[in-house]
Each structure stands twice: as C-alpha cells, then as structure tokens.
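Positions are given from 1 along the sequence. Whatever order the structure lists them in is the order used to number ligands and atoms, beginning at 1. Reckoned from all heavy atoms, side chains included, excluding hydrogens, waters and symmetry mates.
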Amino acid sequence: MSVQSELKQTIQEMVDDHRGILAADESHPTIARRFKAIDVESSEENRRDWRSLLLTTAGLGDYISGVILFEETLGQKSEDGPPLPEVAWNQKIVPGIKVDKGTGPLSGAPGDLVTRGLDGLGERLKGYKARGARFAKWREVYPIDRHNPTLLGREANAEVLARYAAVCQELGIVPIVEPEVLMDGDHDIDRCATVTEQVLHAVFHALDRHHVAFEQMILKPNMVLPGKACRRAEPDEVAEATLQVMRRAVPAAVPSINFLSGGQGAEEATVNLNAINQLHGNAPWQLSISYGRALQQPALHAWLGRTENREAAQQALLKRARLNSLARKGEYDPAMEQH
Ligand code: 13P
C-alpha cells in the first residue's frame, strides 16, 4: 500500500462523529506519580496490568477509536496472550505511540521549554510501525507567564512539531500534533486565548512550510481555559473562547481536533466538550477528545492495584468514554453521572 493510502486509511479508522482517543502513554515518571496517588508501585508488571485492564474493557471500541501507547506497552502482552496492540485492534481501536522524549529548557528563551527526540526519529518510527503503531504523538508544552511563551519559544516549538509531523507522514504514520498551553498560573481566559491563538498560528505556518498534509494529521490542542489559580470559567465561556481561537487558527482541511484534558476534572472535561459541541455550528472539523487523566482517573481510583477491583475500574472507564461520546454530540447531561 502507498504511504498516501496508509495515511488515508488510518484517518478513516480514527475519525468519526462519535468516538475519541484514549491517551495511555504516560512516561515512566508520570505513571509513577499517578500510581503513587493510589499507593501502587510503578513496576513493569503493574504498568502492564493497568494498561491491559484499560484495553480489554469490553465495549471500549464503541466509544474509543485510537489509543496512544508508551513504547514499553507496544511490546507487552495481556495476561491471556495477545500483544496489547493486537488487543486494541480486536476492539477496532487503532494503536499509536508517543514518540517525543520529554521537555527541557529552550536556550535563549528563559521560561520556555522545547521537546526532545528528533534525532533518529525516522528509524524509531519504522520500528514502532513494524510493531503495530499506525499513528504517533508529539507534545510541545507552553507555560504561560508574564513574558512566556516568547516569540522565539513559539517559533522553535512550532518548527519541532512540524519536523516531527513531516517525518511521520513520509513513513505513512499519522501525526498527532500536540501543542499544549498549560493551565498552571493565575492568568485569565483571555490571556489563554491570546497565547493559544498565537501558538496555533505558528504551528500551522510551520506545518505548511514543511509540506505537512493537513488532511492527514490530527490536532490535539488545549481548550481555552483560565489558569488553575484564576476563577473557573462557565462551560459556555470556555466553548465560545475555544471555538473562536480554533476558527481563527485551524485550517478547515484538518479532519479532527482532539482536545487534551490538561488537568481538568473528569466531569469538567466532559461538560466543556459538550458545550463546545453544542455551540459548534457548522465547524469544519470533528471536535473530539484525546484525554489521558479525564478518562483514566476515575478508573484508576476504582482499581487501586487490586485484581478484585478490575471490573469496577473497567466500568468506570467505560462510563467516562460513553459520556464523552454523548458530549461529542452535545447530548450529555450532568444528571447522567448518577447512573
Ligand atoms: P491529559 O488529558 O491528562 O492532559 O493527557 C493527554 C496527553 O496525552 C498529554 O500529552
């Protein structure tokens, strides 16, 4: 199959009008933090048990079309045999892989960060593809402060995202492009809107410069929200601000915008997605999710590392996946949380 047909097919398998993406690609330090909160050791076996629990949830494929895995998970097997990427496929969930190597300071731009991992990326991608990955994810992070992100920070991060996406497409792997403006701080929603718009403009200019086909990528941005230390915004306000920024900065050729949850509570992330989809009018893209914490947290707290809690944890995951699927149609109601 040609690279073009591979990209097209993967987009078709991942993008529809009711499903979203599960991010289960926490790096070792991040999963260790999540496990510590429930007093579970981050051993290879526990990580495999947790991710296998997520992927073997019966019916998950009704609401989830793709799963982002961490490198280690690509090579792991579920308890009863098949490799975890195969377990995903059996549920009609496309397996993908996080390929960035985390952030570090950006020299010349104090306070800004830049993500590592471009060296040798092509070779790594070929290996991941051979092990079943059909799409990749790369995250750039933008902390908001008085002087950040700087112009240099925005441009350097955009350049890296574009180079990553171009390598992916060249090898027939759909890139998820994730520029995340962080929620940390006391900035208001207007400041988040300004920064997110500037960031997305820089990202799409760079993607265009590097000849990335917008039709064959997925954008994973933050919603436009006030900083965690600022007052909470109403869902209508979040929806209006988010859609305004997306309309101004995201080309209509992009098939799907899959928001990250970024530290919103699980229900909050569903309420906001619902408001966005109620207000979207004739938006040209699907407005979906690629949630990590907002899908996993309730399940993780139901599990607590105990085999006897497996079923309850899977039910908790399925519930969040189902409610977010309803929110994709603007049909979610907080009263549904009781069932
Ligand atoms: P959250 O939804 O927890 O922000 O995670 C999504 C993700 O993949 C971050 O890179």
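Within the structure, the closest approach of Lys137 to ligand 1 falls below 4.0 Å when heavy atoms are considered. The closest approach between any non-hydrogen atom of Ala294 and ligand 1 is not below 4.0 Å. Close to ligand 1: Ser290, with a non-hydrogen atom less than 4.0 angstrom away.
Among all protein heavy atoms, the one lying closest to atom 5 (O) of ligand 1 is Gly292 N, 3.6 Å. Residue, atom and distance of the protein heavy atom nearest to atom 1 (P) of ligand 1 are Ser261 OG, 3.3 Å. Distance from atom 9 (C) of ligand 1 to its nearest protein heavy atom, with residue and atom name: Glu178 OE2, 3.3 Å.
Screening Val94, Leu84, Leu55 for a side-chain contact (heavy atoms from CB on, under 4.5 Å) involving Trp89 leaves a single residue, Val94. Across His18, Arg19, Glu13, Gln91, a single residue satisfies side-chain contact (heavy atoms from CB on, under 4.5 Å) together with Ser65, and that is Arg19. Tested against Glu26, the residues Gln296, Arg293, Arg47 include a single side-chain contact (heavy atoms from CB on, under 4.5 Å) partner, Gln296.
In this structure, the side chain of Arg134 does not engage the main chain of Val174 through any donor-acceptor pair within 3.5 Å. No donor-acceptor distance shorter than 3.5 angstrom exists from the side chain of Arg328 to the backbone of Asn277, with no hydrogens or angles considered.
Counting atoms of ligand 1 from 1 in the listed order, those under 4.0 Å from a heavy atom of Tyr291 are 2 (O). Near Gly262, meaning under 4.0 Å from one of its heavy atoms, ligand 1 places the atoms 1 (P), 2 (O), 4 (O). With ligand atoms numbered from 1 in the order given, ligand 1 contributes 9 (C), 10 (O) to contacts under 4.0 Å with heavy atoms of Arg139. Residue contact check: Lys220 has heavy atoms under 4.0 Å from atoms 6 (C), 7 (C), 8 (O) of ligand 1. Of all the atoms in ligand 1, the ones that sit under 4.0 Å from a non-hydrogen atom of Asp25 are 8 (O).
Residue contacts with ligand 1, taken as heavy atom pairs separated by less than 4.0 Å, involve Ala23 solely via side-chain atoms from C-beta onward. Both the backbone and the side chain of Arg293 come within 4.0 Å of ligand 1, counting heavy atoms alone. Of the heavy atoms in Leu295, none comes closer than 4.0 Å to ligand 1.
Linking ILVMFWY side-chain heavy atoms closer than 4.5 Å, directly or via other members, places Leu125 and Ile68 in two distinct hydrophobic clusters.
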Please tabulate, one pair per line, all N/O donor-acceptor pairs under 3.5 Å involving side-chain atoms of residues 309-318, not counting sequence neighbours.
residue : atom : partner : partner atom : Å
Asn309  : ND2  : Ala302  : O            : 3.4
Asn309  : ND2  : Trp303  : O            : 3.0
Arg310  : NH2  : Thr56   : OG1          : 3.3
Glu311  : OE2  : Gln315  : NE2          : 3.4
Gln314  : NE2  : Leu53   : O            : 2.8
Gln314  : NE2  : Thr56   : OG1          : 3.2

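For a threshold of 3.5 Å applied to N or O pairs, the pair formed by Leu260 and ligand 1 contains no separation below that value. In terms of N/O distances under 3.5 Å, ligand 1 is not approached by Glu180.
Between Glu268 and Arg232 there is a salt bridge, since a side-chain N of the basic residue sits under 4.0 Å from a carboxylate O of the acidic one. Under 4.0 Å is where a charged nitrogen must lie from a carboxylate oxygen, and between Arg320 and Glu337 at least one such pair does.
Listed by first and then second residue, the salt bridge (Lys or Arg N to Asp or Glu O under 4.0 Å) pairs that reach into residues 85-107 are Lys98-Asp100, sequence neighbours excluded.
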